[in-house]
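Please read the structure below before turning to the comments.
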2 protein chains.
Amino acid sequence: MTKNDTKNELLDCAQDLIQRVGVNAMSYNDLANQVGIRKASIHYHFPKKEDMIVALLTRCNLVYGQVYEEIMCLNRTPKEKLHLIADIFENGIRDGKVCIIGMLSVEFASLGAAVQQAAGNAINLTSKIYEKAFIQAVDEKTLPADFDTYAAAYGFFSFLLGVQILSRCRNDIDNFKNSVNIYIESILPDSK
Amino acid sequence: MTKNDTKNELLDCAQDLIQRVGVNAMSYNDLANQVGIRKASIHYHFPKKEDMIVALLTRCNLVYGQVYEEIMCLNRTPKEKLHLIADIFENGIRDGKVCIIGMLSVEFASLGAAVQQAAGNAINLTSKIYEKAFIQAVDEKTLPADFDTYAAAYGFFSFLLGVQILSRCRNDIDNFKNSVNIYIESILPDSK
DNA sequence: AAAACAACCTACCTCCTAGTAGGTTTGCAA
DNA sequence: TTGCAAACCTACTAGGAGGTAGGTTGTTTT
């Protein structure tokens with residue numbers, strides 16, 4: 001077995017649980033049952049719950065940062081790139097999951113300072129990556145030069161998060177798709 | 001004192017707490033301290049926590065239903081109406097609060113069946129009211145006749161929820177405003 | 001072989017949770 | 001003035017939370 005096997009498995013399960021039920025509804029007990037070790041043993045890897053969540057966010061920034069970066073490097077239109085990002089959120093709904101940044105943002109007030117800062121940072125990081133699609137549109141002159149690309153990216157992230165949250169409740173993929181299509185069609189003019 | 005005074009005060013405090021920290025981080029103890037009665041007494045008014053949340057959602061549907069209805073009855077353009085709705089969400093951020101439907105939707109998986117159904121219903125109700133602004137735009141022919149007004153309204157609600165959630169974390173009213181402006185300008189063509 | 005360490009374990013702690021049982025006060029109605 | 005019910009109270013329960021102390025493996029390192 002590779003080193004850090006259990007640690008990664010703990011993070012995997014924690015991520016899964018948090019995305020489904022949230023931080024406050026996920027316990028070290030649930031985690032222990034799923035991973036197959038005792039509750040106390042988790043404290044060996046992550047002394048405090050907060051340590052685990054910070055580690056999880058760091059890992060997510062890396063993993064998703066790479067996923068998004070790959071999308072941005074594709075030879076595709078901005079519109080296509082936004083749709084590829086939306087697909088990731090759509091898959092979340094199918095699994096009954098919500099973007100972890102969204103989960104943490106909603107439970108923000110009940111989290112420790114370290115997690116709060118990590119969450120705020122993740123929001124900015126994600127928006128900055130999404131922004132690249134809008135910058136591309138400006139470069140291609142399908143958007144005006146003075147277009148606020150960060151606000152648009154931040155808004156797109158917000159929109160995906162919100163529509164994922166609501167659609168998951170009603171298991172409503174159709175409405176998710178329709179709303180996403182309307183949004184992307186509105187926000188980005190047709191490329192020539 | 002009017003009848004149901006304590007009951008309403010409990011609902012007021014519960015709503016405030018839930019909008020700030022979420023259902024799972026709000027306890028009958030917190031509630032008792034704020035209202036000034038003993039924890040056990042709350043059970044007299046709301047035997048189970050779930051009873052309270054369902055009652056709260058019912059009340060919110062009524063109150064916000066009326067607020068939104070009034071906006072829709074104003075002699076204003078669709079764009080102006082959407083901005084008035086956005087203002088309500090902006091005020092939430094200033095108070096450190098998130099739309100209660102959003103809070104419940106995120107914690108959806110850890111809620112009882114009765115609350116889940118009430119939340120799903122509230123999402124639909126809210127979307128239906130927002131839809132009126134888009135229907136008006138279709139009537140005024142600023143949107144095509146085959147425009148999916150429900151999906152647009154559902155998307156607008158989603159967007160506001162998402163941008164409220166993210167902006168609250170960073171206390172970022174500016175980004176909220178910028179994103180909202182871009183969104184509304186994109187989704188609704190200029191009225192003649 | 002001995003020491004050291006990582007990775008677990010059992011057993012326990014304190015604190016907080018929703019919820020219950022049953023008694024007390026208050027005010028209205030017969 | 002008695003009766004009754006609404007609206008509170010004190011005191012309690014069982015269960016679960018995060019976290020700690022200290023012991024037991026099994027694998028390296030020296």
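Below, chains carry the letters A, B, ... as their sequence lines are ordered, and counting in each starts from 1. Predicted model only: the values in this text are computed from it and were never measured.
- Looking at the side chain of Thr6(A), the nearest of the listed nucleotides dA11(D), dA17(D), dC8(C) is dC8(C).
- Of the candidates dC9(C), dG19(C), dC8(D), the closest approach to any side-chain atom of Ser41(A) belongs to dC9(C).
- Residue Arg38(B) has its side chain nearest to dC9(D) when only dG18(D), dC9(C), dC9(D) are considered.
- Taking 4.0 angstrom as the limit, Lys48(B) places a side-chain polar atom (N or O) nearer than this to OP1 or OP2 of dT20(C).
- Taking every heavy atom of both residues into account, Tyr28(B) and Ile42(B) meet most closely at O-CD1, 3.2 Å.
- Residue contacts shown for Met26(B) are limited to sugar-phosphate atoms, with no base heavy atom under 4.0 Å away.
- The side chain of His45(B) contributes an N or O atom lying less than 4.0 Å from OP1 or OP2 of dC8(D).
- Using a 4.0 Å cut-off, no side-chain N or O of Ser27(B) falls inside it from OP1 or OP2 of dC16(C).
- Candidate nucleotides dG19(D), dC8(C), dC9(D) were compared by shortest atom distance to the side chain of Lys39(A), and dG19(D) ranks first.
- Checking the phosphate oxygens (OP1, OP2) of dA18(C), no side-chain nitrogen or oxygen of Asn29(B) falls inside 4.0 Å.
- In this structure, the ring of Phe134(B) has its center no less than 6.0 angstrom from the ring center of Tyr150(B).
- For dG18(D), neither phosphate oxygen OP1 nor OP2 lies less than 4.0 angstrom from any side-chain nitrogen or oxygen of Tyr28(A).
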